[in-house]
Amino acid sequence: MSARILDGAALAKSIRAGCAERAATLTAAGTQPGLAVVLVGDSPASAVYVRHKINDCAETGIRSLLERLPATTTEAELLAKVRELNADPTVHGILVQLPLPAQIREQTVIEAIDPTKDVDGFHRMNAGALMVGQPQFRPCTPYGVMKMLDHAGAMIRGAEAVVVGRSNIVGKPQAMLLLQADATVTVCHSRTTDLAAHTRRADILVAAVGRAKMITGDMIKPGAIVIDVGMNRDENGKLCGDVDFASASEVAGWISPVPGGVGPMTRAMLLVNTLEAAERAAGRS
Ligand code: NDP
């Protein structure tokens, strides 16, 4: 193996420590940062994600408020809850855990969140602000990837960056952030012809597809920085990314592992966004 490991778990730990300092400063000045997490239904996976978020808040000195609603909740009931949280001055960030039950339209709920509290950065106003280069909240996963690139000392300006995946929560905002950092960005998706021809040109390759080990070593430019956002199960039920770590790590210069790469960074950036929201609300940024 030649690639250096981009240790997201260690980087996230240092970001959380910085968040704890910012939270303490803000609290001492009279504003304890607050995050409300809304969990609808009883999906075990969502419950685990939410528990992590609540624990991260406790560790960092951010006040958290967990709103659990039954799987039978109507869209109107959830919208009422969102409006209540919008009006609560002690809540600086609101996160509605996705996916939602089928009777609730996700985008309708996202659009109901006060954009100044939209710490996921999914509201169309925040997506638009990012698009025009004036982001208010950067979606947590791509924001975390940018921190990982910084940490690896990546020269983003002028680099060929290839993002595989074009979802609204990862691929598209990732492309925007890389563009803003002056990379030359290519976005690939399921209709891309000859994916490998694009990935082989990439100095920076971000895989956000959701297909186990689909990016193999022969698709990677020697020395490239490879960031694996994917979270999949392999044939043995083991957690793995979109990148075939064994072959890719023989070729890449840097590579992020799964688990222990982007996942912990996504969690850490939620804390950062909550602090940014609280600091703005307190007139401190
Ligand atoms: P989506 O399913 O919303 O998007 C997947 C994207 O991959 C789509 O744009 C799709 O193209 C593209 N795609 C699918 N098949 C191919 C293919 N064969 N070749 C090229 N592109 C393809 O997923 P998300 O963006 O929400 O998530 C992507 C992955 O990242 C998942 O594994 C998810 O679990 C993980 N994830 C991890 C996070 C973390 O914190 N580590 C956070 C969020 C997500 P098209 O648009 O044409 O359909």
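One-based numbering, in listed order, for ligands and for the atoms of each. Numbers here are sequence positions counted from 1.
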Check if [X] has a non-hydrogen atom at a distance under 4.0 Å from any atom of ligand 1.
X	answer
Gly171	no
Met265	no
Thr192	no

Which atoms of ligand 1 are found less than 4.0 Å from any heavy atom of [X]?
X	answer
Asn232	32 (O)
Thr266	39 (C), 40 (O)
Gly263	40 (O), 41 (N)
Val164	20 (C), 21 (N)
Gly165	6 (C), 7 (O), 9 (O)
Ile169	26 (O)
Ala208	5 (C), 6 (C), 7 (O), 28 (C)

| query | Among Leu98, Val209, Ile215, Val145, whose heavy atom sits nearest atom 13 (N) of ligand 1? | reply | Val209

Linking I/L/V/M/F/W/Y whenever their side-chain heavy atoms sit closer than 4.5 Å, directly or via other members, would [X] and [Y] fall into one cluster?
X	Y	value
Val209	Met148	no
Leu69	Leu35	no
Val119	Leu66	yes

In the protein, what heavy atom is nearest to [atom], and what distance, to one decimal place, separates them?
atom	value
atom 21 (N) of ligand 1	His189 C, 3.1 Å
atom 31 (C) of ligand 1	Gly210 CA, 3.6 Å
atom 46 (O) of ligand 1	Arg166 NE, 2.7 Å
atom 42 (C) of ligand 1	Thr141 OG1, 3.3 Å
atom 10 (C) of ligand 1	Ser190 N, 4.2 Å
atom 44 (C) of ligand 1	Val170 CG2, 4.0 Å
atom 36 (N) of ligand 1	Val229 O, 3.7 Å
atom 25 (O) of ligand 1	Ser167 OG, 2.5 Å

| Short question: side chain of Ser256, backbone of Gly261 - any donor-acceptor pair under 3.5 Å? |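 No.
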
| message | Between Asn86 (side chain only) and Asp114 (backbone N and O only), is there a donor and an acceptor less than 3.5 Å apart? | response |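 Looks like yes, one N/O pair under 3.5 Å.
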
Surrounding [atom1] of [X] (heavy atoms of other residues, nucleotides or ligands, distance under 6.0 Å), is the total greater than 12?
X	atom1	answer
Lys53	NZ	yes
Glu21	CD	no
Met125	CE	no
Arg280	CZ	yes

| Is there a side-chain contact (heavy atoms from CB on, under 4.5 Å) between Leu178 and Leu149 once you walk through the steps? | CA-CA 10 Å; Leu178 286 163; Leu149 291 174; 3.8 Å; yes

| query | Within the structure, does Met231 bring an N/O atom to less than 3.5 angstrom of an N/O atom in ligand 1? | reply | yes

| said: Polar contacts were defined as any N/O atom of the residue lying under 3.5 Å from an N/O atom of the ligand; does this apply to Arg211 and ligand 1? | reply: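 The answer is yes, given that Arg211 and ligand 1 share an N or O pair closer than 3.5 Å.
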
| Thr90-Arg63 side chain donor-acceptor pair, cut-off 3.5 Å | yes

| task | Kindly indicate whether the side chain of Asp118, heavy atoms from C-beta on, has any atom under 4.5 Å from the side chain of Asp120. | result |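 Of all side-chain heavy-atom pairs linking Asp120 with Asp118, at least one is under 4.5 Å.
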
| request: Would you name the heavy atoms of His198 and Cys188 that are closest together and state the gap between them? | output: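 The pair with the smallest heavy-atom distance is CB-SG, 3.7 Å.
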
